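Worksheet: the structure to be examined is printed underneath.
This structure is a prediction, so every number in the text was calculated from the model and none was measured.
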Amino acid sequence: MEYTYTYADLSWVEEAEEETLLWKRRFTEWAQTNTYVNKLLGGDIGVLPDYLAYVTSKKNEVLPALVNIIEAANQYLF
């Protein structure tokens, strides 16, 4: 989680070109997804409603999310 939080905070990046902003958005999105996944796979079922709400708005995240949820359910008997 420490590394996820590190790349989630890109406030130190001063460039404002379009490509830089694109990459900042991508890293922010990846950090948000990875935070949900890491917490879920660590056994925190409380993150599941937020994770579900997040992935339902992202078409390409639904299948990987289902795999993560099933993996966590099997491991922690959710």
Side-chain angles (χ1 to χ4, degrees):
M1 291 301 297
E2 176 185 350
Y3 297 111
T4 303
Y5 293 139
T6 299
Y7 70 80
D9 178 20
L10 298 175
S11 60
W12 55 272
V13 178
E14 296 178 1
E15 290 85 5
E17 294 88 31
E18 186 175 330
E19 187 173 355
T20 303
L21 296 175
L22 170 72
W23 282 102
K24 283 178 71 172
R25 284 191 300 273
R26 285 182 181 176
F27 273 94
T28 301
E29 185 175 323
W30 291 336
Q32 184 175 14
T33 303
N34 289 335
T35 298
Y36 289 135
V37 172
N38 288 331
K39 287 181 178 183
L40 183 65
L41 294 178
D44 182 1
I45 195 167
V47 75
L48 189 56
D50 293 333
Y51 185 39
L52 289 173
Y54 175 75
V55 298
T56 55
S57 68
K58 310 263 184 228
K59 211 184 288 188
N60 61 342
E61 291 290 331
V62 173
L63 186 57
L66 287 174
V67 171
N68 293 328
I69 292 166
I70 291 170
E71 184 178 333
N74 287 332
Q75 183 173 355
Y76 297 103
L77 305 175
F78 294 157

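- By the 4.5 Å heavy-atom criterion applied to side chains, Leu40 and Phe78 are counted as neighbours.
- Atom NZ of Lys39 sits about 14.5 Å away from atom CD1 of Ile45, to the nearest 0.5 Å.
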Side chains of residues 12-22: which donor-acceptor pairs under 3.5 Å do they make with residues two or more places apart or in other chains?
from  : atom 1 : to    : atom 2 : distance (Å)
Trp12 : NE1    : Asp9  : O      : 3.4
Glu17 : OE1    : Thr20 : OG1    : 3.3

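- In the hydrophobic cluster analysis, where Ile, Leu, Val, Met, Phe, Trp and Tyr join through side-chain heavy atoms closer than 4.5 angstrom, Ile69 is grouped apart from Val67.
- Here the straight-line distance linking atom CG of Asn38 with atom OH of Tyr5 works out to 8.5 Å at 0.5 Å rounding.
- Pairs passing the side chain to side chain donor-acceptor pair (under 3.5 Å) check and including a residue from residues 60-78, sequence neighbours excluded, read Tyr51-Asn68.
- Here the straight-line distance linking atom CG of Leu48 with atom OH of Tyr36 works out to 11.0 Å at 0.5 Å rounding.
- Residues Tyr7 and Trp30 approach most closely at OH-O, 4.0 Å, considering heavy atoms.
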request  = Please test Leu66 against Val55 for side chain to side chain contact (heavy atoms under 4.5 Å, CB included), starting from the C-alpha separation and ending with a verdict.
outcome  = CA-CA 9 Å; Leu66 287 174; Val55 298; over 6 Å; no
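- With values rounded to the nearest 0.5 angstrom, Leu10 atom CG is found 13.5 Å from Arg26 atom CZ.
- Counting heavy atoms from C-beta outward, Thr35 and Val47 have side chains that stay 4.5 Å or more apart.
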